[in-house]
Amino acid sequence: MLQKIDKIFEDIKSFETQRLLLIPTTKDDFEFFRTMFTNKNIMEFSRLSHKKSVVDLKTDFERILSLKERKFLFVWKVILKENNKLIGRINIGSIVRKSSRLDLGFVLLPEFWSIGIMSEAVNEIIKYLFNDINIHKITATTNNKNIRSKKLLEKFGFNLEGILKEHTYYAKQNRYIDEASYGLLKKT
Ligand SMILES: CC(C)(COP(=O)(O)OP(=O)(O)OC[C@H]1O[C@@H](n2cnc3c(N)ncnc32)[C@H](O)[C@@H]1OP(=O)(O)O)[C@@H](O)C(=O)NCCC(=O)NCCS
């Protein structure tokens, strides 16, 4: 039987908000993917280095496309309506069908930070996931020092469920980093 969660992949949706278009990403978006993942500011709180080679980035991008094919990840690109500029992405992944649970992620070019752009995108995707897809729980995990990301999650009512001590190895710092684990339940 087709799970409700599969609707995300079968009945593909784009969204329009006041300032933004959220459009499913495609294999043609590699250059933008590369721009984001080689940006030092964006990657500051990531376990990944911003200095990856094009070959490695291509491999990562292929992996994302393959996860989408296998229905474990879906990425929308964030486009600013006023000039049609691609400025970020919002994605869902780590899908656990039997528990109707998935993980939310987001990235925006730094020149667009702190003006409520990602709040606008997150608001739209959360509404879709709870109302149309009937997701039971949305999770998000972030570097515990990533204040912007934590504030954004808390603004939408995500609960801090725990600090995962030295949870992930950050090769670029040669140490294990604490991560904050957040969850948001569908209101019944
Ligand atoms: C995290 C990120 C997506 C936030 O996007 P954004 O569009 O700047 O977020 P918003 O402007 O919608 O702000 C959301 C909330 O974050 C907080 N915030 C925004 N700017 C902030 C700042 N400079 N300092 C601290 N908190 C801030 C505020 O609480 C804000 O809520 P408010 O608008 O009600 O005040 C963006 O900073 C980013 O792409 N960072 C790099 C990638 C990343 O770390 N992704 C998350 C990985 S888990």
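The structure presented is a predicted model; accordingly, all values stated were derived computationally and were not measured. All ligand and atom numbering here is 1-based and tracks the order in the structure. Hydrogens, waters and symmetry mates play no part in the numbers below; they use all other heavy atoms, side chains included. Position 1 is the first residue of the sequence, and the numbers go up from there.
Contact analysis leaves Phe45 out of contact with ligand 1, as no non-hydrogen atom separation drops below 4.0 angstrom.
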- Decide yes or no on side chain to side chain contact (heavy atoms under 4.5 Å, CB included) for Lys186 and Ile135, but give the supporting numbers first. CA-CA 7 Å; Lys186 181 178 163 79; Ile135 287 294; over 6 Å; no

- Message: Applying side chain to side chain contact (heavy atoms under 4.5 Å, CB included) to Ile95 and Lys71, what does each step give before you reach the verdict?
- Response: CA-CA 8 Å; Ile95 295 173; Lys71 302 185 180 169; over 6 Å; no

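Heavy atoms from both the backbone and the side chain of Met118 come within less than 4.0 Å of ligand 1. Counting heavy atoms under 4.0 Å from ligand 1, residue Asn143 does not touch it at all.
Considering only non-hydrogen atoms, atom 41 (C) of ligand 1 lies nearest to Trp113 out of Phe156, Trp113, Tyr182. When Gly105, Gly88, Gly116 are checked for heavy-atom proximity to atom 11 (O) of ligand 1, Gly116 turns out nearest. Considering only non-hydrogen atoms, atom 23 (N) of ligand 1 lies nearest to Ser114 out of Ser114, Ala140, Ala121.
Using a 3.5 Å distance cut-off with no hydrogens or angles, the side chains of Arg63 and Thr59 do not pair a donor with an acceptor. Under the 3.5 Å distance criterion, with hydrogens and angles disregarded, no donor-acceptor pair is assigned to the side chains of Thr17 and Glu124.
The shortest N/O to N/O separation between Thr141 and ligand 1 does not fall below 3.5 Å. The distance criterion of under 3.5 Å between nitrogen or oxygen atoms is not met by Asn41 with respect to ligand 1. Between Val107 and ligand 1, a contact under 3.5 Å exists for no N or O pair. Here's the thing with Leu108: one of its N/O atoms is less than 3.5 angstrom from an N/O atom of ligand 1.
Residue Leu184 comes nearest to Gly157 through the heavy atom pair CD1-O, 3.4 Å, listed as atom of the first residue, atom of the second, then distance.
Taking atom 24 (N) of ligand 1 as the reference point, the nearest protein heavy-atom neighbour is Arg148 CG, 4.3 Å. Looking at atom 26 (N) of ligand 1, its nearest protein heavy atom turns out to be Lys151 CG, 3.8 Å.
Distance check on atom 48 (S) of ligand 1: some protein heavy atom falls below the 4.0 Å cut-off. Atom 2 (C) of ligand 1 is never approached by the protein to below 4.0 angstrom, counting heavy atoms only.
Residues Phe30 and Ile90 share a hydrophobic cluster, clusters being chains of Ile/Leu/Val/Met/Phe/Trp/Tyr side chains in contact below 4.5 Å.
Using cut-offs of 30° and 60° for the angle between ring planes, the Trp76 and Tyr128 rings count as perpendicular.
Remark: Arg47 fails to qualify as a cation-pi partner of Tyr176 under the 6.0 Å distance and 45° angle criteria applied to the six-membered ring.
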